[in-house]
Every structure is written in structure tokens, then in C-alpha cells.
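In what follows, chains are A, B, ... by sequence order, proteins preceding strands, each numbered from 1.
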Amino acid sequence: MEFLQNSIDFLLSLGAAIFVPIIIIIAGLIVRMKVKDAISSGITLGVAFTGMMMLISFMSEAITPAAQSMVETIGVELPITDGGWTTMSTISWSWPWAFLMFPLVIGINIVLIVLKQTNTFNADLWNVWGKIFTAVAVYYITDSVALAFVIAGIQAIFELKSADFHQHRIEKMTGIPGVTVTHKMVFLAAPMYPVDWLLRKIPALNTSFNAADLREKVGLFAENHILGFILGIVFGLLARFDVAQTLTLGIQAATALTLFPVISKYFMQALEPISAAVSEFMHKRFGDRKLFVGLDWPFLGGANEIWLAVIWTVPVTLLFAFILPGNGILPFAGIINIAIAVPAYFACRGNIIRMLITCTIFAPVFLYVGTVFAPFMTELANSTRAIALEPGQLISNSSIDGPIFTYAFSHFMQVTEGNWLPLVVLVLWVACFVFYSRELIRERRAGEAAAAAEAAAVEA
Amino acid sequence: MAAKVIVACGSGVATSQTVASKVNRMLKEAKIEAQVEAVDLKSVDRYLKGAAAYITIVREAKEREIPMINGIAFLTGMGQDAEFKKLVDAINAFNAKAR
């Protein structure tokens, strides 16, 4: 037993780039991958970790001097580096317990399908990391692995429920049948719903304009390399760098934003065979039942409104970051905030004007939650050596998915230390979720009734 | 040179790479030489030049000259065989033209 413990400790001490590949090779063999494919997946994962480590060091080395300089030039201290979701997923996968989340999430899904409590089969196993992310925060706050998995399990249940409730609206808005979104970013639509309800009372906000043309004009600014360059230049100017330094920072920032997706792709390449094996198993097991397939958000990417809201949120977030008291994060790699635009798209039913207002109202939430999560993510990154940080350096994400839910459910245990805020937020979020779900269910029933009436009319 | 096939998603990381890995495996098993590449939807137009087909997972109004394959089929498994056949035909047509 002691030998086993010692070997595990030894493997963990080697860092995430070694032990996570070992875990995935074992996991691959369990789902009956060929040995050579399993090894290939494992090494690819090691490459992904090491590549991300390189890139995050590069990014923080480029940006930190500018951020430090800004303390003197404009008097704003933003010490937390924004690594975006790719950095958060890297750190999450490096949690030693991370891979146990697969059986938990799949198990919950199977049980709920069998009990007929959901009609969604979640095929998006990549976003298991979102559950791991919440679990990590719970673990650092409560020091309990068991509780971390319980909260992550609750998140998985809410994801399936939310996917069930949204399916008809998604089908109507995208024209794609049979699929829904199981991503937790949709959770923010619940608190956005009462805001949209108020906005709808103002007649002027029920108008709309053509999002397609405008997106065509401003879409360029959302491309990684261009946006990165602009951000680098802005940071350089605010830090009062000279021309050469400013241009260099522009190109370095463009490099970082361009390479993040290129490298994090390797995570996906490594994990895809396992996810495919699970999907196949689920199809065989539940092939006879009509289930909606739960996917990640990108199939909604045809909606110009989402992209316009994303682009709009960039300067809004940046401005808030500099003026909001208590914010510690300098928005960078997380600034393409899909996690605000997608729920706004659902809550406002695609009305672009109300979406932009809603995104403006909710942008500060992302900055504050990003600030609150920095200590855990930094501590985990340091302890697993998933990424290399200088002493005292902090890392987080300025676009954490489902920020209100994630904050409330991971922090509510702090009530034992006298901090009531997370618990209050939790209750409010659940109330919003209930009201919003009722609205969605009402809409679905109305749609079904209309379809039935139409069918009856045709027959008559 | 192997024919290039493009698949795009919101970030070019997760969904598109899932489809790309899966289709690459299917092409390899069918012994068809082609390379599927996952890219960022925001920059997709830059990548489509010289590609044999575009596997899309979004509904867009935009008309394109390149053969379009429904990528959702590869995520859900529904209609996957038909879409894969369409893709193989597109690659073959592309290679015939290139020769």
C-alpha cells in the first residue's frame, strides 16, 4: 500500500505533462483502444500540456511588464493574467482526480435517461473539464474531494435539464433538429431572463437591425491575430511604452492569441478517441430511444447576433476592467467572451439590441468572478506544475462559463466562515432558473399545441 | 499533395477538432488521401482557398462555391454515412480536377 502511495506521489511530482498522459493511456486501454493509438494519445496530451506551458509563460512575460507599468501610468493595478478558457482547461485537466469526472458525468447521464428525467444524451465529453473546473474550486474551499464531485454532479444534472428546456428554442433559432446545448455557459441565461423581461417592456428595444451586414464590416476585429495586436497596442499605450516596445507587444500579443487555439487543439486530438468510444457505446445502448444530442455551443456560430455581441463586449469589458473597483484581472486571452453572448442570445431570443444591453449589464460579473477564481487556479497550476508561473504571479480567465452559477455553487460552503454572499447568489440563481425554465416549457407546449392544431386543420 | 478539407467551429479547438479527428480516422480507414484541418470560424474564409470541401457545423445564409458537408452529422451520428459519402465524392472530384 505504501509502495503504491509512493509511486503515485512520485508520478504526481513529475508534473501534469507526465502523469496526465499516463492516465489517458490507461483510460484509453480501458475503453479498448489499440495500444499504439493509446500511446499516441498519451504523448499528444503531453505535447499539449508542454505547449500550453510554453505559451502561457510567453504570454505572461509579454504582458506582465505592461500591466506593472500601468500601475504608475494610469494608477490601475491589474495583477491577474487572463489566460482565457484554454488555460483554465489545461489547469483543470491537471487536477489529479480529473479523469474520474468522466465516469461520473456519463453515469449521471445514463441514470437520468433510464429514469426518464432527461431526453438529452450529452455527447460533449470535452466539456467534462467545466465540471472539473467547478470541482477544483470546491476542493480548494472545502478541502473535500467527495464534496467537489457532489457539486460537479449537481452541475451535470443542471446541464442536462437546461439542455432539455432549451432544445425547442434552439431548433427554432438555428433550424437544426435533434440537437441541444449541454454547455454550462447557458446557465447565465437564467439571471439574464428577468433583465430581458424588463427590457422588453420598453417598446424602442423591441426593434432590430440587420446583424449580418454589420458583422461583415466589424468581423475582422474578432479574428485572433488582429484582436491580439490591437490589445497589445492598447496595453503598450496605456503603459506609456515607446514605439518599438508598443509594436513588439502588439505582435507578441497577436502571437499568443493566434497560438492558443493551435496548441489547445492537441488536447482535443488526444481526448477524441475516448469521447468517440463513449458516444458509440451510448448510441448502442439507447439507440432505440429518441434522444436529443447535447453538443458544445459552436453549431450556433451561424448566428451573426452572437458574433456582434462578442465584438461589442470586447471594448465594454476592457473599459470596465479599468474603472471597476475590486477588479484584479487585465482582460486578454479570455476577451472573446462567447460565454456572455450565447446565453444573451437565448435569453433575448436573438434580439440584437436587447442582447447588447444585457451583455453590457453582465460584463462586470465576468471580471469579478475571474478575480475571485484566480487564487485557486494559480494554486492548482503551481502544485501540478501544469503551467510555469513566476512567484506571486496570478492567473485566471475573464470569461468563465456560467460565472454566477460557478461562483455560487463552488463557494456557498463559505457560509460556515460567515460569508453569506455565495449562498444568497445561489438561491437567486436557482429562482431565476426555475422562472426561466417555466417560460421555456410554456413556449415548448404552445409550440406543440400549435403544431397539433395545424395537423388537425390539415386533416379536416 | 493530399486534398485539404476544412472544418470550422467557434474557436477552432474543441468541436471542429472532434469532427476533424473523427473524419481523418474515417478517411484513413477508407484509404482516401486527404487531410482534415480544424480552424476558427471567425477566420474560415482565409482557409477555404484551395480546399476540396468545407465541413460546416453552422447554418449560414452565405453562399459558397466549395462543396459543403453537414458536420453535425459527425457529432450526432445521424446521417453520418450519407455525409461521409458526399465528402468522399467531393474529394474525388477535387482530385480529378487537379490532375
Side-chain angles (χ1 to χ4, degrees), chain A residues 37 84-86 89 121 123-127 129 174-179 212 216 219-227 258 260-273 275-276 279-280 282-283 287 291-293 295-304 306-307 310 336 338 342, chain B residues 4-30 35-49 54-64 68-84:
Chain A
D37 291 342
W85 71 265
T86 49
S89 71
F121 147 55
D124 177 23
L125 289 170
W126 162 254
N127 282 309
W129 84 262
T174 62
I176 304 173
V179 295
E216 196 76 8
L220 180 73
F221 295 107
E223 289 194 65
N224 292 333
H225 55 303
I226 309 239
L227 180 64
T258 307
F260 268 115
V262 174
I263 295 186
S264 36
K265 237 190 258 190
Y266 291 112
F267 278 101
M268 200 63 223
Q269 268 182 25
L271 293 170
E272 192 272 340
S275 130
S279 283
E280 206 165 299
M282 295 288 274
H283 275 300
L291 291 175
F292 302 122
V293 181
L295 302 176
D296 199 350
W297 73 275
F299 72 89
L300 308 167
N304 291 303
I306 291 181
W307 292 111
V310 163
I336 293 282
I338 305 289
V342 167
Chain B
K4 184 173 75 166
V5 176
I6 295 297
V7 47
C9 79
S11 59
V13 177
T15 307
S16 53
Q17 187 57 49
T18 312
V19 174
S21 295
K22 187 168 186 179
V23 175
N24 266 330
R25 202 171 50 229
M26 292 170 79
L27 288 170
K28 209 168 145 192
E29 277 163 15
Q35 191 58 40
V36 186
E37 198 187 333
V39 305
D40 186 336
L41 187 64
K42 301 191 285 299
S43 306
V44 68
D45 288 326
R46 296 184 202 282
Y47 293 94
L48 288 178
K49 273 183 205 134
Y54 172 29
I55 305 179
T56 172
I57 52 169
V58 301
R59 289 266 165 104
E60 276 187 306
K62 212 164 169 176
E63 291 281 325
R64 296 179 201 275
M68 305 269 273
I69 314 291
N70 172 12
I72 301 275
F74 295 100
L75 292 167
T76 63
M78 279 175 282
Q80 181 176 309
D81 295 342
E83 290 301 318
F84 185 65

What part of [X] is in contact with chain B, defined as an atom under 4.5 angstrom from a non-hydrogen atom: side chain, backbone, both or neither?
{"X": "A/A276", "answer": "side chain"}
{"X": "A/S264", "answer": "both"}
{"X": "A/I306", "answer": "neither"}
{"X": "A/L295", "answer": "side chain"}
{"X": "A/L271", "answer": "neither"}

Any chance you could measure [X], atom [atom1], to [Y], atom [atom2], to the nearest 0.5 Å?
{"X": "B/T18", "Y": "A/L125", "atom1": "OG1", "atom2": "CG", "value": "9.5 Å"}
{"X": "A/I226", "Y": "B/K42", "atom1": "CD1", "atom2": "NZ", "value": "12.0 Å"}
{"X": "B/T76", "Y": "A/F292", "atom1": "OG1", "atom2": "CZ", "value": "13.0 Å"}
{"X": "B/T15", "Y": "A/D296", "atom1": "OG1", "atom2": "CG", "value": "4.0 Å"}
{"X": "A/E272", "Y": "B/K22", "atom1": "CD", "atom2": "NZ", "value": "7.5 Å"}

For the residue pair [X] and [Y], what are the closest heavy atoms and their distance?
{"X": "A/K265", "Y": "B/A38", "result": "NZ-O, 2.7 Å"}
{"X": "A/P298", "Y": "B/V58", "result": "O-CG1, 3.2 Å"}
{"X": "A/W85", "Y": "B/S11", "result": "CZ2-OG, 3.6 Å"}

Subject >> Selection from A/I176, A/L220, A/T174 maximising heavy-atom pairs under 4.5 Å formed with chain B >> reply: A/I176
Subject >> Max heavy-atom pair count under 4.5 Å with chain B, selected residue of A/P273, A/A303, A/A123, A/A222 >> reply: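 If we count pairs closer than 4.5 Å to chain B, A/A222 comes out on top.
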Original post:
For B/Y47, does the OH atom sit with more than 12 other heavy atoms under 6.0 Å from it, leaving out its own atoms?
Top reply: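 Not buried by this count: 12 neighbours or fewer within 6.0 Å.
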Subject >> Within 6.0 Å of OH in B/Y54, more than 12 heavy atoms from elsewhere >> reply: yes
Original post:
If you count heavy-atom pairs under 4.5 Å between each of B/G12, B/C9, B/A14 and chain A, which one has the most?
Top reply: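 The answer is B/A14.
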Original post:
Side chains of B/I72 and A/F299: does their closest heavy-atom pair fall under 4.5 Å?
Top reply: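 Yes, close enough: below the 4.5 Å cut-off.
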